[in-house]
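Owing to the predicted nature of the structure, the values given are computational and were not obtained by experimental measurement. Both counts, for ligands and for their atoms, begin at 1 and track the order of listing.
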Amino acid sequence: MAAIPVGILTVSDACSRGQADDKSGPALRQLLAGAGGRWAVVATRVVGDSQAAIAQAVGAWTQQAECRLVVVCGGTGVAAGDVTVAALEGLFAKRLPALATAMVVGSLRITPMAALSQVAAGVINQSIVVAVPGSPKGATENLQQILAVLPHAVDCAATGRSGTRHLHGEASSGIEIGSGDVGSGVVGSGVVLCGCNRPDDADADAPAPLSDPLGTAAARRARASPYPMVAADAALQLVLDHAAPLAPVTVALADLHAGLVVAKDVVAAEDVPAYPAAVMDGYAVLAGSGGADATYRVVGAAAAGDQGLADSQGQSVCVGAGQAVRVATGAAVPRGADAVVMVEDTRVAEEGADGEELAIRVAGAPVAGQHIRTVGHDLQRGAVVLRAGAIVTAAGGEAGAVAAAGAGAAGVCVHAMPCVGVLSTGDEVHDYGGPLPRGAVRDANRPALLAALAAMRCAAVDLGVARDDPDALTQALAQALRSCHVVITTGGASMGDRDWLKPVIEQRLRGRVVFGRVAMKPAKPTTFAVVPADLAADLAAADSAPARNCLLFALPGNPVSALVAFHVLVAPAIRKLAGHNVPRALRPSVAAVFIGPEWPLDAARPEFVRAALAWDHGLARWTARIADRHQQSSRIASMVGANALLALPRASAAAPTIRDGDQVTAIIISPPTI
Ligand SMILES: Nc1nc2c(c(=O)[nH]1)N[C@H]1C(S)=C(S)[C@@H](COP(=O)(O)OP(=O)(O)OC[C@H]3O[C@@H](n4cnc5c(N)ncnc54)[C@H](O)[C@@H]3O)O[C@H]1N2
Ligand code: MOO
């Protein structure tokens, strides 16, 4: 069940000129993301109201089947400048007017304004293209009307199959299409009747797996990957779309570690300070009561922790006019006093026989309130100490503030950190000890990933090494999916005859491959799937796991590929699960100046190059040097000392290389030293 690649094209002069934000594209993306992982938005673009620009974008996305569904939003109104449908008319190999009718009829139930939009649908280059109105509401309401039948339409357009009528029994779709061709249907509610020749028991809801059926003989297997190549940015967005923050848990203050995200406001249970407190070592006085010579008679002393000032009989004493009480920093200011004078600003005016202070003279006139922290000055009872969404830093301030505010005893409610399982796969992969037979390699991936997960403070589960065998993989994964939020495998993700990960995910675990290839170097075969844990549990032991989805990353076996894919795509997903929601926090990066000999850019794929990022104190800027000029994906040593990945663009005629002094984006994978 591979996710269907979708392109969203927003048509708007204002948005294309940057005079307005595109709200419809994101709204459509959200609608598609809510469809259980069936759709994968792999491309988005904004163009002006120009027939040529629309035709160019739709043509580019559909020619190589990069997008099996293109949703064009905007430019469908009655104004002269609304040219979307005119642009598409010339491209449609086949029009699907019933889909357009379904959108209009459904939308008319919501608003009569729907009569004014020129929606359209058809087939272009074996992809389905639909045009919907430009407002976020109009766009999503229209698409919603046909969403349930679109996977099937996409399938028919892609495979070219059509003809025999049969029933797909999908009662929830809200759309009914009559006999014969999809295009000849009528709209109502109830089951879907569609015009294709798929077997009657086929699940119209789920696109067919793209992997060859397990057991297909080598000569009959696909010789090119059937998985569309997804741009690295689109892949990240897809991953994030599928990662929802985990439920909150309460952690003890001692466990409030860096990277946790506060899930519920922490409120101060007490005022800080809880009493008026001296800010300086000195004397508490009633300001202005020292007379013309500013002399105060010393009547006692209050140390930090003293509950109040008492006389020799234990009676509470109030500081009166012309009196002073020696106070320590942090001590409660005795009642009656309204100012503290630093000891440095006083001198002894009268001394007792054994050296005790009897009176002091103050330099300058004390002002009421000076050097006193009032009740709640630092934190008021009821004030928010930590706001929901705040990221706990490594500096310790958050734990300190919660403790100071008397809120620590109940612990802190934070998003749970995901539990992440790591499984190496491959018959040649051997653990650390023992002799290494010819053809075998030491398992570098599991230790590398477990170390990276430990640094993120994840609960990591070492799942060992699984053999290159569908049954062994199914068993190991089904088991892991029951207890982990995320499972990472390495190896077996590409085109080899024992690369079983994709077929096992699709055919054994009933997972949905969201993407199976990414346009990035290294880590092209990176695969991301959503696997229902309850289904996985069916395959494992008897007691059932709670219904939820697991995120499964099948990373390439080459050690650098695995680690790069982890930092580029998996770590952001883990952070999102852990409650992070700020893009900067999901995948931190900085702009840096490239230092070193010219580096050739890859012609085919954007490259993530291992680099050492450092702060240049003299020039006050980040600099990045390639950690090792040998950047092969097998060479894990090229990651030693690397704290950043340079996200380098594909080579172009204008820029075939990056040169000393060029600006690059450095994705931070370990805290740089400043
Ligand atoms: N015909 C094609 N071949 C390959 C393609 C392709 O598109 N068409 N892609 C290449 C790329 S790019 C990569 S990356 C690799 C990834 O392949 P797999 O994910 O299937 O990984 P394996 O074949 O299982 O292993 C690749 C390599 O890595 C070593 N390995 C595996 N696991 C570990 C481990 N835990 N520790 C250390 N080393 C490991 C393994 O022995 C292989 O040398 O595919 C290319 N091929
Ligand atoms: O994508 Mo592979 O990781 O280039 O070697």
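- D602 and K521 are joined by a salt bridge, as a carboxylate oxygen and a charged side-chain nitrogen come within less than 4.0 angstrom of each other.
- Atoms CH2 and CZ, from W61 and R68 in turn, are 15.5 Å apart once rounded to the nearest 0.5 Å.
- Formation of a donor-acceptor pair under 3.5 Å by the E607 side chain with backbone atoms of L601 is not found in this model.
- The atoms of ligand 1 that sit less than 4.0 Å from any heavy atom of D499 are 20 (O).
- Near E428, the atoms of ligand 1 lying under 4.0 angstrom from a non-hydrogen atom of the residue are 31 (C), 40 (C), 41 (O).
- When the shell of 6.0 Å around CZ of R442 is examined, it contains more than 12 heavy atoms from other residues, nucleotides or ligands.
- Scanning A493, S634, S633, S561 for the heavy atom closest to atom 20 (O) of ligand 1 points to A493.
- For ligand 2 and K524, the ligand atoms under 4.0 Å from any heavy atom of the residue are 1 (O).
- Remark: W622 pairs with W615 by the ring pair (Phe, Tyr, Trp, His ring centres under 6.0 Å) rule, at least two apart or across chains.
- Residue contacts with ligand 1: R446 is placed with no nitrogen or oxygen under 3.5 Å of a nitrogen or oxygen of the ligand (distance criterion only).
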Could you walk me through whether Q56 and R45 pass the side chain to side chain donor-acceptor pair (under 3.5 Å) test, one step at a time? CA-CA 12 Å; Q56 193 277 330; R45 208 171 139 191; 3.1 Å; yes
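- In summary, the aromatic rings of F528 and H242 are positioned with their centroids under 6.0 Å apart.
- Counting protein heavy atoms only, atom 11 (C) of ligand 1 is closest to P525 CG, 4.0 Å.
- Judged by the shortest distance from any of its heavy atoms, Q632 lies outside the 4.0 Å radius around the atoms of ligand 2.
- At the top of the distance list for atom 7 (O) of ligand 1, counting protein heavy atoms only, stands K524 NZ, 3.0 Å.
- The single protein non-hydrogen atom nearest to atom 36 (N) of ligand 1 is A444 N, 2.9 Å, given as residue, atom name and distance.
- Atoms of ligand 1 lying under 4.0 Å from any heavy atom of V429, numbered from 1 in the order shown and given with element: 32 (N), 33 (C), 35 (N).
- Here the protein heavy atom with the shortest distance to atom 39 (C) of ligand 1 is G557 O, 3.4 Å.
- Using a cut-off of 4.0 Å between Lys/Arg side-chain N and Asp/Glu carboxylate O, D628 and R610 are scored as not salt-bridged.
- R457 approaches A258 most closely through the heavy-atom pair CG-O, 4.3 Å.
- Residues satisfying the side-chain hydrogen bond (donor to acceptor under 3.5 Å, both in side chains) test with D431, not counting sequence neighbours, are R446.
- The shortest N/O to N/O separation between A523 and ligand 2 falls below 3.5 Å.
- Polar contact with ligand 2: present for S561 (N/O pair, distance under 3.5 Å).
- At the top of the distance list for atom 35 (N) of ligand 1, counting protein heavy atoms only, stands D443 OD1, 2.8 Å.
- In this structure the side chain of W599 reaches within 4.5 angstrom of the side chain of F594, judged on heavy atoms.
- The P556 neighbourhood of ligand 1 comprises atoms 14 (S), 16 (C), 19 (O), with distances under 4.0 Å to a heavy atom of that residue.
- By the criterion of a heavy-atom distance under 4.0 Å, both the backbone and the side chain of N558 are placed next to ligand 1.
- Between the side chains of D241 and Q237, at least one donor-acceptor pair of N or O atoms lies under 3.5 Å.
- For atom 24 (O) of ligand 1, the closest non-hydrogen atom of the protein is G492 N, 3.0 Å.
- The closest approach between a heavy atom of G426 and any atom of ligand 1 is not below 4.0 Å.
- When non-hydrogen atoms are compared, ligand 1 lies under 4.0 Å from the side chain of S424 (C-beta onward) but not from its backbone.
- Distance from atom 4 (C) of ligand 1 to its nearest protein heavy atom, with residue and atom name: S494 OG, 3.4 Å.
- In summary, the atoms of ligand 2 found under 4.0 Å from a heavy atom of N558, numbered by their order in the structure, are 5 (O).
- Numbered from 1 in the order shown, with element, the atoms of ligand 1 that lie under 4.0 Å from a heavy atom of R442 read 36 (N), 37 (C).
- Scanning the protein for heavy atoms near atom 34 (C) of ligand 1, the closest one is N445 ND2, 3.2 Å.
- A salt bridge is absent between D212 and R220; no separation between the charged side-chain nitrogens and carboxylate oxygens falls under 4.0 Å.
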Between D497 and R221, is a salt bridge (charged side-chain N to carboxylate O under 4.0 Å, His left out) present by the stated rule, with each step listed? CA-CA 9 Å; D497 59 357; R221 290 188 198 155; 5.1 Å; no
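- The shortest N or O to N or O distance between R605 and ligand 1 is not below 3.5 Å.
- Shortest contact from atom 5 (O) of ligand 2 to any protein heavy atom: S633 OG, 2.5 Å.
- A donor-acceptor pair under 3.5 Å links the side-chain atoms of H415 to the main chain of L246, judged by distance alone.
- Proximity to R605 (heavy-atom distance under 4.0 Å) selects the following atoms of ligand 2: 1 (O), 4 (O).
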